[in-house]
Amino acid sequence: MINAAAGHLVMEDQPHQVASLKLPLGFRREDLAMSTPTTTKQDSSMFLRVAITLQTLVVFAAPITAGLLLSSPDGRVLHSVSAYGVFTAALLHLLAAILVWRPGGGSPRPILYAVGFLGLTLAQIALGIAQVKTLHVPLGVLMFGASLLRLSQVSAGRRTHLAASARR
Ligand code: HEM
């Protein structure tokens, strides 16, 4: 919300609302449109969705490489590569969640999910190295389910947002 010097200018966060505002002398519509944080917010949300999609895909690949680990001599290297992939994707997820929170001024909740998933990833790596298969395998399944659930939440949130914008 902007209170312009002349008094009664209130700016909403949607560009189409900028078009209907009465501007005080010396203000240009372009100045207002440029100051909206909408684009940055959309970019960050898009990055979050891409990061969670990537994370879900690499977690999905982990049991496949685990099968190779159990059945072929090169499988151990492949499973380690996929473990690095999951770790990298979880870090990207955290970075994206921080970006959604900071410039967009959004909720810090996505950061909690991302930190939780990174914690599960570190536990999973420790259990794998320690060869505790009875916990390692079910935790891998849980991680895939959690990642898929989070992806569906983020995608549903975007659909709701688009539908609400279309109605305005
Ligand atoms: C459902 C998914 C998964 C299954 C079924 C699975 C299965 C396995 C199995 C059978 C082992 C060999 C343990 C042993 O040598 O006794 C292993 C090792 C390992 N796993 Fe997984 N895993 C899964 C997901 C993951 C994920 C998501 C990560 C990383 C985030 C991971 C990281 C590791 C690591 C670091 C090792 C040790 C590799 C080594 O000793 O060189 N695993 N896993």
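Values below: all heavy atoms of this structure, side chains included; hydrogens, waters and symmetry mates excluded. Start at 1 and go down the list; that is how both ligands and their atoms are numbered. All of these numbers come straight from a predicted model, not from anything done at the bench.
Atoms of ligand 1 found under 4.0 Å from any heavy atom of Ser80 (numbered from 1 in listed order, with element): 41 (O). Numbered from 1 in the order shown, with element, the atoms of ligand 1 that lie under 4.0 Å from a heavy atom of Lys133 read 10 (C), 13 (C), 14 (C), 16 (O). Near Val86, meaning under 4.0 Å from any of its heavy atoms, are these atoms of ligand 1: 30 (C).
Listed by chain and number, the protein N, O or S atoms at a distance under 2.8 Å from atom 21 (Fe) of ligand 1 are His79 NE2, His136 NE2.
At least one side-chain heavy atom of Ile125 sits less than 4.5 Å from a side-chain heavy atom of Ile129. Two residues are said to be in side-chain contact when any heavy atoms from C-beta on lie closer than 4.5 Å; Arg49 and Ser45 meet this criterion.
Of the possible polar contacts, one joining the Ser152 side chain to the Leu149 backbone as a donor-acceptor pair under 3.5 Å is found.
Atom CG of Leu68 and atom CG of Asp74 lie 9.5 Å apart (nearest 0.5 Å). Within the model, atoms CD1 of Ile111 and CG of Leu48 stand 10.0 Å from one another, a figure rounded to the nearest 0.5 Å. Atom CG of residue Leu99 and atom CG of residue Leu94 lie 9.5 Å apart, to the nearest 0.5 angstrom.
Between His93 and Phe117, the ring-plane angle classifies as tilted under the 30° and 60° cut-offs.
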I'd like a table of donor-acceptor pairs (distance under 3.5 Å, sequence neighbours excluded) in which one partner is a side-chain atom from residues 85-92, with atom names and distances.
residue, atom, partner, partner atom, Å
Thr88, OG1, Tyr84, O, 2.8

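Scanning all protein heavy atoms for the shortest distance to atom 39 (C) of ligand 1 gives Arg76 NH1, 3.0 Å.
Heavy-atom proximity to atom 35 (C) of ligand 1, evaluated over Ile125, Val58, Val77, Leu139, is greatest for Ile125.
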